[in-house]
Protein chains: 2
Amino acid sequence: MTIGIAGANLPALRSHNDAVVLDLMRTSSAIDEGGFSRVEIAARTGLTPQAVSKILGRLREEGVVEEAGRGASTGGKPRTLMRLVRGARYAVGVHIDRDELTVLLADLADPPGMPTVARTVAFNLGAHPEAALARVIEEARATMLGVEGLVLGVGVACPGPLDHKAGVLHRVTHHAEWDGFPLRDVLAQRLGLPVVLDKDTNAAVLAVLGDVRSANCAYLHLGTGLGAGLVLDGTLYRGSRSGAGEFGHQVVQLDGPVCACGSRGCLEALCLAALGARDVVGAAHLLGIGAANLLRLLDIDRVVLGGRAVLAEPERYVREVGAVLSERLQDPARDTVPVTLVPGGARAVADGAAELVLAPATRTSLPGRVGSSPPTA
Amino acid sequence: MTIGIAGANLPALRSHNDAVVLDLMRTSSAIDEGGFSRVEIAARTGLTPQAVSKILGRLREEGVVEEAGRGASTGGKPRTLMRLVRGARYAVGVHIDRDELTVLLADLADPPGMPTVARTVAFNLGAHPEAALARVIEEARATMLGVEGLVLGVGVACPGPLDHKAGVLHRVTHHAEWDGFPLRDVLAQRLGLPVVLDKDTNAAVLAVLGDVRSANCAYLHLGTGLGAGLVLDGTLYRGSRSGAGEFGHQVVQLDGPVCACGSRGCLEALCLAALGARDVVGAAHLLGIGAANLLRLLDIDRVVLGGRAVLAEPERYVREVGAVLSERLQDPARDTVPVTLVPGGARAVADGAAELVLAPATRTSLPGRVGSSPPTA
DNA sequence: TGAACTTTGGCAACAGTGTTGCTTAAGTAT
DNA sequence: ATACTTAAGCAACACTGTTGCCAAAGTTCA
């Protein structure tokens, strides 16, 4: 049993460095057009050029990277450029929503959130688990058609609450059989692939993170509810019981109306009430106040908005939230925190679901902990 | 320039594993009374027993660990126990407050927060920097007397705001010369030792973390102001500009009184108003509501209270905050979040300041967790 | 009492990592 | 042409944790 911080060995060191190089190539833009040179990779990772050569040699043998011509000379021999091979490795992203199912295939060679074929079909999460499950598996299999052997895993994003570590759903719907349903392991077994399960807001913030690298970033989702996905110190933050991100149930009005959660004056309740009165500006203003609270507490450097309510009138929300933040957080030393829309709109969650698989593979994690592996790997 | 996640090499691997073992021995309690066996360390770190032998051999040569007898047999040869050597390495913890200066010497062999000689003297942070600085140096030198060569570094905790990365103070006091003062580098040069600078609340939460290992922990400080120190995923969270922890300026009453920060109805303003009216229960209740907001957002598993106001009536605060949390966060799946007092009381910040030095030394730092499976088919 | 078993932990050989020193390749500058 | 500069690979290397083996030091049981 490994408790606390784990020791590392040579294979771990190698995987880590491989992942560091892959991550750089996938999420950063190269200086030279068309690819990364060994010299550039070395400078940006702290690895020696020779080490980079060896790592790229390994990755080339695996078919993940390839040569991509030469760069301009900087006074001597021009650099040999390398790039990720398209079609070498994939991940499947699945967004299970209450009334929709979106499935897409993401190429490891593409930067996160790259346009791909995404298929959205009607869906009923309230249905019997077995029927819904069959639907998910059918769509996932169809998406993987022809590249089955190259798929690293399947990322699944659902409305919460759920348990990321155990891969189990909690009260997603009123259907009793869904409560405690081991969705991750069941899917892993039936698909024969590693599966990662997470909340939709967490997936969305990963999609954002791929778009713009930011160490501390919050995704605020205003739809049927109000939730958040948090990236802190460059990593998705889930909290002790996968429960982080309950942004909507912060009290902002001590004597406000009683909320279903038991508190009074929850931000979500006030926001939804404003929306019910078609007061978009009011809702956006409230969202801004909640965002200000969050920024004060966590010193975030980027806020991203999404969710059906936001996407219905995106400019208004961005403007109003930005206004509240710059009014309330004026600090000469502190740059204004940019407020943007979630890239890819409604598809962001499925993009991020694929990132649940790709980001650990190119960043860091423990062997076999990337999700639940199917029996006999 | 190393951007993003850094690559690692063999020396990094070694110091990581050394640190993993030191951290375990310093912060965990051993199964066998009196020390840690190689077998136990191996099991808890994931390292092989032979690797642990080599690591302990290195640490023994450096004089940091020593043999400590044998444990009971578990059916065969009894285990040889090892322990940290007292008096081998130290760190100095400095707590600079507005009217007090506390300095102590922490032994690497002691668990964090262990009673040590701590010296508290009157101090005036509002004075001229040079005079204050001389006072700090004088006290630090006196504390290190006789063990100078064994001190790993000096941790300095101040009231915020400040810049941890740059080691620079910001507006700690009205004295203009303090603003932007490079306290860390000046102290490092004059003392000839590495210096780490951080906010007092951050130091306090480190002291807590040493006492009880908790992955996600919040320290709430109610004194002249209201702030928080956050440990998230086992690491001190500072935010993008060392600004995280502004817990007091969350809006909890949209139409509340205007606060100096520009918002209305800040928790801090309401709390201090309650205290001004000698309404301790009211202040504690408000603190509880703020804590509930924080727990909802971050899914923390431990709340620790401190600060002069809390320490004046500790039981009341613990009881009232605990009551609010269990009332508002009742969730059958979620255990009750324990609310406790900061260990060591007023000395906690100085203890934590020493931890600013010791924790990185024993918890370094292969970037992120290591060992992912690279995308091999 | 003694033989068999179990567990610990060191030694030696090993596999595999990134590093270093040097050589070769392929440009630019003079 | 010639000299210089930069890139990238090869070979030897230093050092990591791993593996196989064995001695030491207990317990268990006939």
Side-chain angles (χ1 to χ4, degrees), chain A residues 2 6-21 30-32 34-61 65-82 367, chain B residues 2 6-21 30-32 35-61 65-82 364 366-367 370-372 374 376:
Chain A
T2 301
N9 54 15
L10 288 171
L13 178 67
R14 181 189 48 182
S15 310
H16 172 77
N17 284 343
D18 287 357
V20 163
V21 171
I31 292 173
D32 302 279
F36 291 83
S37 67
R38 289 161 176 78
V39 183
E40 183 185 353
I41 296 175
R44 291 172 68 164
T45 58
L47 293 163
T48 61
Q50 183 61 29
V52 173
S53 268
K54 286 192 176 179
I55 291 165
L56 287 175
R58 283 199 296 262
L59 294 175
R60 189 152 55 164
E61 278 197 2
V65 307
E66 65 189 355
E67 271 199 26
R70 354 196 79 187
S73 166
T74 58
K77 176 177 174 179
R79 303 170 170 185
T80 309
L81 302 182
M82 307 289 286
Chain B
T2 301
N9 54 16
L10 289 173
L13 178 67
R14 181 189 48 181
S15 47
H16 171 79
N17 283 343
D18 287 358
V20 163
V21 171
I31 294 174
D32 303 278
F36 291 83
S37 68
R38 290 162 175 76
V39 182
E40 183 184 352
I41 295 174
R44 291 173 68 165
T45 59
L47 294 162
T48 61
Q50 184 61 26
V52 173
S53 269
K54 287 191 175 180
I55 291 164
L56 288 175
R58 283 199 296 262
L59 294 175
R60 190 151 54 164
E61 280 198 359
V65 306
E66 65 187 356
E67 269 198 28
R70 354 196 79 185
S73 166
T74 58
K77 176 177 173 178
R79 304 170 170 184
T80 309
L81 302 182
M82 308 289 287
T364 159
L366 280 185
V370 178
S372 71
T376 29

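In what follows, chains carry the letters A, B, and so on, assigned in the order in which the sequence lines appear, proteins first and then strands, with residues in each chain numbered from 1.
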Do [X] and [Y] touch side chain to side chain, with heavy atoms closer than 4.5 Å?
X	Y	answer
B/R70	B/L81	no
B/R38	B/Q50	no
A/T48	A/V52	no
B/T45	B/N17	no

Base, sugar-phosphate, or nothing for B/T80, non-hydrogen atoms under 4.0 angstrom?
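Since only primed, P, OP1 and OP2 atoms lie under 4.0 Å of B/T80, the category is sugar-phosphate.
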If you look at every strand shown and take non-hydrogen atoms under 4.0 Å, does A/P78 touch a base, only sugar-phosphate, or nothing?
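If one applies the 4.0 Å heavy-atom cut-off, A/P78 turns out to touch the sugar-phosphate alone, with no base involved.
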Please report the distance, rounded to the nearest Å, between [atom1] in [X] and [atom2] in [N].
X	N	atom1	atom2	answer
B/K77	D/dG26	NZ	P	9 Å
A/L56	D/dA7	CG	C1'	13 Å
B/R60	C/dG9	CZ	P	11 Å
B/I55	D/dT16	CD1	C1'	10 Å
B/D18	D/dG17	CG	P	7 Å
B/R79	D/dA25	CZ	P	18 Å
A/K54	D/dG9	NZ	C1'	11 Å
A/R14	C/dG18	CZ	C1'	13 Å

Which of these nucleotides, [options], is closest to any side-chain atom of [X]?
X	options	result
B/L13	D/dG17, C/dT7, C/dT17	D/dG17
A/Q50	C/dT8, D/dG17, D/dA11	D/dA11
B/A51	D/dA25, C/dT8, D/dG17	D/dG17

B/V39 vs B/G76, nearer the 5' end of DNA chain C by closest nucleotide
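The residue mapped nearer the 5' terminus is B/G76.
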Under 4.0 Å between a side-chain N/O of [X] and OP1 or OP2 of [N], yes or no?
X	N	result
A/N9	D/dT16	no
B/S73	D/dT27	no
A/R58	C/dG18	yes
B/S53	C/dG10	yes

Between A/G75 and A/R38, which is nearer to the 5' end of DNA chain D once each is assigned its nearest nucleotide?
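Of the two residues, A/G75 wins.
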Roughly how far apart are A/M82 CE and A/S53 OG, rounded to 0.5 Å?
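Those atoms lie 8.5 Å apart.
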